[in-house]
Amino acid sequence: MQVIETLAEGLKREIKVVIPAKDMEAQMNERLEDVKGRVRINGFRPGKVPFAHLKKMYGKSVMAELVNEIVRERPSAILSERGEKSATQPEVAMTEDQAEAEKILAGEADFEFTLAYEVIPAIELKDNSGIAVTREVVEIDAKEVDDQILQIAESARSYETKKGKAANGDRVTIDYLGKVDGEAFDGGKDEDAELVLGSNRFIPGFEEQLVGLKAGDEKVITVTFPADYPAANLAGKEATFDIKVKDVAAAADIEINDELAKKLGLESADKLREIVRGQIESQYGSVTRQKVKRQILDQLDELYKFDTPERLVDAEFENIWRQINTDLQQSGKTFADEDTTEEAAREEYRKLAERRVRLGLVLSEIGEKAGIQVSDEEMQQSLYQQLRQFPGQEKQILEYFQKTPGAAASLRAPIFEEKVVDHLLGEIKVTDKTVSKDELMADDEEGSEKDAKKAAPKKKAAAKADAAEGEEAAPKKKAPAKKKAAEGDAE
């Protein structure tokens, strides 16, 4: 077998592989000899089929199997012998000339194919001791815990039907039908909808117009949907709602005690406080971790400068760009609404894709050199978390991970990355700084993406795509047709 490098330009490589016809024929003959004693052909006793007849009948099919095996197995061996790692699956090209292909299958022509790929660049790891990060820490006081418990208690608060007019804090049960220009719109109708007045669950102006109504009252109210309302067909539109009040109920007093805890399925108020404190610590800890990770990534980005495999960048960019366009479509916005153009946005998100690929390669190299492994147990836990997110679809998800090449890697990658970050935290300088809740939760755009010059422009929620570094769009007001589903949520 001859291996000839025909292209070495930057990270791009192209290899021509030539296997002489006599070698292909020798391998084919060896396989035919191996099956000679097992084939059954009418008119011949087992093992007595003339080789020429056997070759005539099965030669081409055996040669085709041989070609497929070579194309499937040799590329990885060739790269290994060259000491190279391909960034993606190498592209294999063979002759498309039918007459030439027939000669190869007949053992009359050399078998030639080419491999085109990009190599993963060699990364010389640098000293990490110069990296320094500030870890922001929030001290949780008893008031914050009590405030969170009060929010939880609100979801468990009991209400008793009362006579008279509805006031802020009362729960009203209503039927409503929404109309724009006199026509009912999708999602604008509900029956027996429960709404606590003053909760600001519905769009501005809706709840205020229910104050003073009694059970049995009917009223038509007029509201205007916010200009940034998620449903583009309703954004900024004036609408009317036909309201029928079916019940008005007053809220019972809230007391944080063992009875409340038991109502929530816990043994005591102390246990409730313990759990809520743990949830708050976990929430803040997650934000702290994300901000520390950003600092590490930003500094690694400054330390490592090298060309990135174009195909990896293309794939990453396509993922980002797909999400960007989905966000824009869902919000009914355009690039002009985000104070940019499609061309400028493409350029910026391309930079983000390059950054992610480069940092991914750096973290991979650091983890490999440190001997970091992801255990089967960690993979199983990650899969279990995936299953919990999609109740009722467990079977389909399991089949997806079992049958889809690369699916398991999507579970392993984030685990591996977090373990690499843990490893780096043991090598770099970490300074703890006590901050307020507002300071911790503030969006540090400059720190997260270095003035957005090395990543995506930080514009409105519709244009954010930095999910890999913890950015989330702000939640929007729900439509009147959608009941609050967060009962029992500590947030």
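Remark: S268 engages no residue in a side chain to side chain donor-acceptor pair (under 3.5 Å) (not counting sequence neighbours).
Side chains of S436 and D438: a donor-acceptor N/O pair is absent below 3.5 angstrom, by distance only. A donor-acceptor contact closer than 3.5 angstrom is absent between the side chains of Q323 and T326. Between Q380 and D376, the side chains place no donor N or O within less than 3.5 Å of an acceptor N or O (distance only, hydrogens not considered).
A donor-acceptor pair is defined here as one N or O able to donate and one able to accept, closer than 3.5 Å; such a pair exists between the side chain of N257 and the backbone of E259. In this structure, E208 contributes its side chain and G205 its backbone to a donor-acceptor pair below 3.5 Å. Put simply, the side chain of K433 never gets that close to the backbone of V137: no donor and acceptor are under 3.5 Å apart. Within the 3.5 Å criterion, the main-chain N or O of Q283 finds no donor-acceptor partner in the side chain of S286. Within the 3.5 Å criterion, the main-chain N or O of R201 finds a donor-acceptor partner in the side chain of E207. With hydrogens and angles ignored, the 3.5 Å screen pairs a side-chain donor or acceptor of E378 with a backbone N or O of S375. For the pair D175 (side chain) and D192 (backbone), a donor-acceptor distance under 3.5 Å is present. With hydrogens and angles ignored, the 3.5 Å screen pairs a side-chain donor or acceptor of S331 with a backbone N or O of D327. K85 contributes no side-chain N or O that, together with a main-chain N or O of A122, makes up a donor-acceptor pair within less than 3.5 Å. Under a 3.5 Å cut-off, the side chain of D170 and the backbone N or O of A167 do form a donor-acceptor pair.
Using a 4.0 Å cut-off between charged side-chain N and carboxylate O, D217 and K214 make a salt bridge. Between E316 and R356 there is a salt bridge, since at least one side-chain N of the basic residue sits less than 4.0 Å from a carboxylate O of the acidic one. The pair E439-K291 fails the salt-bridge criterion, with no side-chain N (NZ, NE, NH1 or NH2) lying under 4.0 Å from an Asp/Glu carboxylate O.
Relative ring orientation between F241 and F225 is described as tilted, the plane-to-plane angle lying within the 30° to 60° band. In this pair, F317 and W321 present their aromatic rings parallel. The plane angle is below 30°, not in the 30 to 60° band.
L300 places none of its side-chain heavy atoms less than 4.5 Å from the side chain of R358. By the 4.5 Å heavy-atom criterion applied to side chains, D301 and R355 are counted as neighbours. Looking only at side-chain heavy atoms (C-beta outward), L424 and L363 come within less than 4.5 Å of each other.
Atom CZ in F306 sits 5.0 Å away from atom CG in L361 (nearest 0.5 Å).
The salt bridge (Lys or Arg N to Asp or Glu O under 4.0 Å) test with K12 singles out one residue from E84, E118, E310, and that residue is E310.
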